[in-house]
Amino acid sequence: MSSERRKPYPFDRLEPKWQTIWDETRAFHAPNPGEEKFDPAQPKFYVLDMFPYPSGAGLHVGHPEGYTATDIIARYKRLLGFNVLHPMGWDAFGLPAEQYAIKTGQHPVVTTRENVAKFKTQLKRIGFSYDWEREINTTDPGYYKWTQWIFLQIYNSWFNPETKRAEPISTYRGDDPDEVRLAYVAQVRVNWCPELGTVLANEEVIDGKSEVGGFPVVRRPMRQWMLRITAFADRLLDELEGLDWPDSIKALQRNWIGRSEGAAIEFPVAAVYDRRNEDTTNDSEVRDRRYSIRVFTTRPDTLYGATYMVLAPENPIVDQITTENQLEAVANYRTQVASKSDLERTDLAKEKTGVFTGAFAINPVNDERIPIWIADYVLMGYGTGAIMGVPAHDARDLEFARKFDLPIRLVVQAPADQESLGFVGLGVAINSLLLDGLPSPEAKQKITDWLEEHGVGARSINYKLRDWLFSRQRYWGEPFPVIWRDGKHEALPESELPLEPPALEDFKPTGTGEPPLAKAKDWIRYSEHATRETNTMPQWAGSCWYYLRFCDPENDKRFVGQEPERYWMGGDQPGGVDLYIGGVEHAVLHLLYARFWHKVLFDLGHVSKPEPFQRLVNQGMILGEDGRKMSKRWGNVIDPLDVIEIYGADAFRCYEMFMGPLEQMKPWSMKGVEGVSRFLARVWRLIMRENQAGEWVRSAAVQDVEPTKAQQKIIHATVKKVTADIESLSFNTAISQMMIFVNAFTTADKIPVSAMRALLVLLNPFAPHITSELWERLNLDGAITAQRWPEYDEHFLVEDEIEIVVQVNGKLRDKITVALNATEAELETAAFANQKVHNAMAGKAVRKVVVVPKKLVNIVTA
RNA sequence: GCCGAUGUGGCGAAAUGGCAGACGCAACGGACUUAAAAUCCGUUGGGCUUAAACGGCCCGUGCCGGUUCGAGUCCGGCCAUCGGCACCA
């Protein structure tokens with residue numbers, strides 16, 4: 001038959017009905033301290049989603065996975081009596097939104113407004129219980145006013161190494177405050193993406209391509225705004241410890257920060273060929289302190305094995321030390337390296353290349369002359385842009401030394417079963433005069449002490465983390481609240497915030513590196529002698545503090561009021577954000593940047609805790625039905641609204657949670673949705689039946705009777721399991737338990753109302769619409785959202801008789817039923833009386849009997 | 001190469017060191033129906049035994065070892081897949 005598929009229950013009518021009621025009654029509005037209806041007696045719970053970029057494509061099934069999980073928690077905590085903060089907003093500045101605007105030829109203001117409207121409609125159709133009165137949009141002047149204000153706090157601060165805290169720049173005693181500001185301008189080799197027409201942060205470049213769009217990225221020196229995140233490297237690292245985050249995310253951040261401990265060592269340059277002084281000879285043994293090369297190493301204990309040095313080709317000192325006859329070779333090599341993109345440079349990493357500079361350095365520990373080379377396997381961006389080559393104990397150095405026939409000297413003895421040449425682990429020092437016989441860790445200490453005593457080295461720590469490149473040459477972002485006067489930058493007065501971008505017709509990137517804002521000639525001109533900064537902030541700026549704004553979104557006096565901040569983000573209660581759920585893709589971007597901003601704000605006294613997100617959970621990616629990543633290319637993308645059209649929002653929500661563990665990657669299955677939909681229909685038919693006229697009426701089986709003993713047991717077992725499972729975010733097994741509950745009642749001829757009350761409240765966070773409707777149809781008191789979460793009584797879970805497992809030599813042989821209070825001796829006797837046990841023992845002698853009360857008896861034979 | 005995660009039926013998955021596979025999907029059988037859909041009931045890890053049913057027995061959580069009365073779970077060593085970083089000195 002071609003007629004429309006019959007709905008198993010009328011979700012298409014009742015779901016919009018309840019969504020409207022929730023809106024109209026402000027059912028999920030959370031008042032702030034001091035506001036009407038605020039109850040200070042209740043504990044708070046802040047449960048947050050990573051707010052989306054409202055892209056043109058709309059929601060896909062991945063978004064609602066985390067959102068459903070947080071919604072269940074929010075509704076559950078409300079039923080427990082918590083004051084719950086559960087907000088949603090829009091991260092609408094940035095490349096995706098702007099690329100979409102360019103593609104469709106519309107102004108980003110217009111596309112953003114449309115996309116936000118679309119996202120909001122979709123989210124509402126899924127029935128999420130957000131407090132929409134707290135909705136924020138990073139592109140609202142009322143919001144980015146405070147993003148700019150926070151930038152000024154950062155700009156007007158420095159990191160005091162004594163206190164290890166950010167402090168107002170006024171406490172800095174040096175000559176030039178611009179040298180130490182947490183926001184500064186520097187000429188740096190940036191990641192320039194010609195296709196996007198902007199520079200990108202290191203974190204936004206993946207395999208030499210832009211994270212957004214996958215376009216090639218090249219290195220290019222440019223003057224840019226930087227944020228001094230490196231000053232906070234140790235705190236960002238150390239304070240990860242106390243956070244309730246997945247180990248994998250902590251590991252990613254640790255890895256990204258990349259702290260390594262070692263020593264900095266000075267190698268004087270011997271025989272400097274100085275183009276300004278033709279008299280200097282190559283054979284001079286004079287140590288020339290004017291040209292000393294500093295290296296960083298994590299293995300100072302291998303210093304005696306350093307048989308050459310390598311500089312990064314970009315290292316400026318190369319110009320100073322290269323000898324006349326090597327000038328051409330060095331220049332050629334440097335040109336060749338410069339023409340390679342980062343991608344090519346790593347791609348071609350298979351074979352080592354390099355050139356001798358003609359110069360020599362003196363190994364400070366043994367006065368040996370060692371040749372200085374340049375090679376692109378040494379990076380200018382890490383350490384000092386120079387290394388000591390210890391080929392015997394470093395795989396890269398060994399490869400290089402073999403290729404260019406440089407000497408190799410063993411200085412670490414490997415453990416007996418391993419070859420010492422090429423051994424890179426910790427062993428025992430050899431051929432190292434001062435260090436011979438010492439295990440590597442002690443050798444490190446001793447040689448570093450020696451270097452410090454002789455003034456030629458020191459303990460040193462290096463990080464992979466670079467300062468955050470914070471400016472972009474794009475239109476759709478926050479303008480910097482900065483003006484330029486006589487070549488110097490200064491802060492825009494706070495009273496002039498928000499600084500709105502000019503209304504440009506043509507907002508496309510210029511392609512030259514000049515920002516689009518430069519096209520707005522009137523806007524740029526600030527005064528007779530001053531002009532505005534034309535760069536804009538990156539996408540991440542707005543998301544670095546949005547969780548704070550949610551606490552007090554309307555405040556026009558402060559970025560967040562002190563009292564709401566103290567209440568929701570700290571105060572006497574644990575956690576800042578108590579639960580934060582989102583995708584793993586933000587492990588080193590948003591989550592690192594936001595922690596950094598938060599620490600600056602904390603140091604300056606603007607927020608009450610040093611860390612913003614106490615507990616973090618990553619939802620796993622949802623794959624297409626074919627097991628591949630969802631993508632237009634494979635045609636396997638699922639649109640939530642299509643699913644809701646057929647099965648309803650409740651079924652959609654429950655399926656998203658029933659698929660498997662929240663954090664796991666898992667494939668979508670429409671058949672699976674159907675199964676969950678059948679479960680909800682069974683819940684419906686427990687309470688409702690269809691009359692002759694085809695109307696749903698309350699079933700006569702539902703009666704005000706006492707549950708049977710067996711029913712009591714399953715009710716209390718379900719309350720217990722669902723409660724525990726929600727607490728541990730094991731939503732899939734919570735749903736399983738409710739299925740067991742429903743299956744048990746499906747066949748009952750009398751269904752106690754009390755059992756249905758408990759079920760509906762338990763199921764409400766998962767399937768809020770159907771449970772609200774059934775609650776109303778049962779004529780139960782008040783709204784279901786105003787109920788208290790049921791409690792269980794252990795008393796109902798125990799039985800008089802229990803089943804005991806009987807094993808022989810650890811193998812299950814039979815199960816016996818005994819009284820709950822049976823003694824160990826009684827259990828043992830019962831086990832030995834069992835025929836199967838007797839058979840299995842095959843007449844062998846008993847060696848041992850293990851009795852676990854209420855569980856099992858295990859008989860061990862000889 | 002380094003770091004992290006994962007490995008259980010045809011599929012998604014469950015299992016405080018104590019009955020492996022709950023719950024759901026798919027499949028098969030049955031009831032209801034003129035028929036189908038929907039719904040309800042039942043079977044369903046593999047193998048052997050038995051005419052069949054009942055029953056009985058053996059094997060089984062990536063591989064190899066270990067600890068334990070007892071291991072999917074704990075320990076050691078491998079293998080595979082996925083994710084991140086990657087010439088980081």
Side-chain angles (χ1 to χ4, degrees), chain A residues 1 3 5-6 8 206-207 246-256 258-260 262 295-299 302 310 312 345-346 348-350 352 375-379 381-390 393-397 399-400 424 462-465 584-585 587-588 620-621 627 654-655 658-661 663-676 678-679 681-682 685 721 730 732-740 742-743 746-747 803-815 836 839-840 847-852 854-861:
Chain A
M1 242 168 267
S3 71
R5 185 195 167 84
R6 208 179 144 281
I206 294 167
D207 294 335
D247 287 340
S248 57
I249 298 291
K250 288 187 180 181
L252 285 177
Q253 291 215 350
R254 280 192 205 105
N255 205 311
W256 191 263
R259 180 187 154 106
S260 39
V295 303
F296 170 75
T297 177
T298 55
R299 294 299 301 272
T302 63
V310 188
R345 197 160 152 174
T346 34
L348 300 171
K350 290 152 208 146
K352 294 276 181 286
D376 68 355
Y377 84 93
V378 174
L379 310 172
Y382 183 77
T384 59
I387 63 157
M388 62 180 200
V390 184
H393 306 292
D394 181 284
R396 298 150 302 182
D397 295 346
E399 194 191 333
F400 191 78
V424 298
N462 249 281
Y463 302 91
K464 282 201 268 181
L465 184 69
V584 71
E585 67 272 19
V588 288
M621 202 197 315
C654 289
Y655 176 65
F658 186 65
M659 292 173 79
E663 299 181 68
Q664 194 168 300
M665 191 191 288
K666 46 216 177 267
W668 185 265
S669 157
M670 275 303 178
K671 284 289 185 187
V673 187
E674 205 167 310
V676 174
R678 275 201 280 268
F679 157 66
R682 275 205 295 279
R685 290 195 311 269
K721 177 137 182 73
S730 307
N732 53 333
T733 49
I735 293 172
S736 295
Q737 180 62 34
M738 289 187 279
M739 287 173 167
I740 292 169
V742 170
N743 291 346
T746 304
T747 48
E803 200 173 59
I804 293 286
V805 169
V806 185
Q807 298 177 334
V808 175
N809 295 324
K811 275 188 181 170
L812 173 75
R813 290 301 161 181
D814 206 359
K815 300 167 205 172
K836 286 180 191 169
N839 295 345
R847 209 180 66 197
K848 185 173 181 178
V849 180
V850 180
V851 180
V852 182
K854 298 179 190 179
K855 278 264 157 62
L856 63 77
V857 180
N858 186 14
I859 297 166
V860 186
T861 63

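In what follows, chains are A, B, ... by sequence order, proteins preceding strands, each numbered from 1.
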Per the atom types in the model, does the base of B/C87 pair as donor or acceptor with the side chain of A/K352 at under 3.5 Å?
->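 Indeed, a donor on one side and an acceptor on the other fall under 3.5 Å apart.
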Is there a donor and acceptor pair closer than 3.5 Å between the side chain of A/K848 and the base of B/C69?
->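 Answer no: no donor N or O sits under 3.5 Å from an acceptor.
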To the nearest Å, give me how far apart [atom1] ([X]) and [atom2] ([N]) are.
X	N	atom1	atom2	result
A/W668	B/A13	CH2	P	14 Å
A/Q664	B/U81	CD	C1'	13 Å
A/D394	B/C87	CG	P	13 Å
A/M739	B/G24	CE	P	6 Å
A/N858	B/A71	CG	C1'	13 Å
A/K464	B/A86	NZ	P	7 Å
A/D814	B/G56	CG	P	8 Å
A/L252	B/G83	CG	C1'	8 Å

With side chain to side chain contact (heavy atoms under 4.5 Å, CB included) as the test, would you mind laying out the steps for A/M388 and A/V390 before giving the verdict?
-> CA-CA 6 Å; A/M388 62 180 200; A/V390 184; 3.9 Å; yes
Base paired to [N] (Watson-Crick or G-U; both N/O distances under 3.5 angstrom):
N	result
B/G55	B/U49
B/C40	B/G30
B/G12	B/C23
B/U61	none
B/A35	none
B/A86	none

Provide the distance between the two [atom1] atoms, one in [N] and one in [M], to the nearest whole Å.
N	M	atom1	answer
B/G21	B/A14	P	15 Å
B/G65	B/G10	P	25 Å
B/G77	B/C3	P	12 Å
B/C64	B/U16	C1'	29 Å
B/C75	B/C82	C1'	25 Å
B/A80	B/G24	C1'	28 Å
B/C58	B/G62	P	22 Å
B/C78	B/G1	P	12 Å

How is [X] classified with respect to the nucleic acid when contacts are heavy atoms under 4.0 Å: base, sugar-phosphate, or nothing?
X	result
A/T297	sugar-phosphate
A/V860	sugar-phosphate
A/K671	sugar-phosphate
A/R682	sugar-phosphate
A/N732	sugar-phosphate
A/S260	sugar-phosphate
A/P246	nothing
A/N743	sugar-phosphate
A/G675	sugar-phosphate
A/R259	nothing

Phosphate contact (B/G84 OP1 or OP2) by A/R254 side-chain N/O below 4.0 Å =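 Negative; the distance criterion is not met.
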If only side-chain N and O atoms of A/K666 are considered, is one of them under 4.0 Å from the OP1 or OP2 phosphate oxygen of B/G12?
->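 Negative; the distance criterion is not met.
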Ignoring the backbone of A/S736, work out which of B/A22, B/G18, B/A89 is nearest its side chain.
->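 Among B/A22, B/G18, B/A89, the one nearest the side chain of A/S736 is B/A22.
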Nearest of B/A14, B/U16, B/A89 to any side-chain atom of A/K855?
->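 Nearest to the side chain of A/K855 among the choices is B/U16.
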If anything within 90° of 0 is syn and all else is anti, what is B/G47?
->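 What B/G47 shows is an anti base, its glycosidic angle lying more than 90° from 0.
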Would A/L812 and A/L856 count as a side chain to side chain contact (heavy atoms under 4.5 Å, CB included) if you check the C-alpha gap in whole Å, the side-chain angles of each, and the deciding distance to 0.1 Å?
-> CA-CA 10 Å; A/L812 173 75; A/L856 63 77; over 6 Å; no
Of A/R847 and A/L856, whose nearest nucleotide on RNA chain B comes first from the 5' end?
->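 Of the two residues, A/L856 wins.
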For A/G660 and for A/V805, find the nucleotide of RNA chain B with the closest heavy atom, then tell me which residue's nucleotide is more 5'.
->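 Result of the comparison: A/G660.
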A/Y463 and A/Y382: which non-hydrogen atoms are nearest, and at how many Å?
->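 Shortest heavy-atom separation between A/Y463 and A/Y382 comes out as O-CE1, 3.5 Å.
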Can you tabulate the close N/O pairs, meaning under 3.5 Å, that link protein atoms to atoms of nucleotides 27-31 of chain B?
none

Think A/K352 forms a cation-pi with A/F400, using NZ or CZ under 6.0 Å from the six-ring centre and within 45 degrees of its axis?
->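 No, A/K352 does not lie over the aromatic ring of A/F400.
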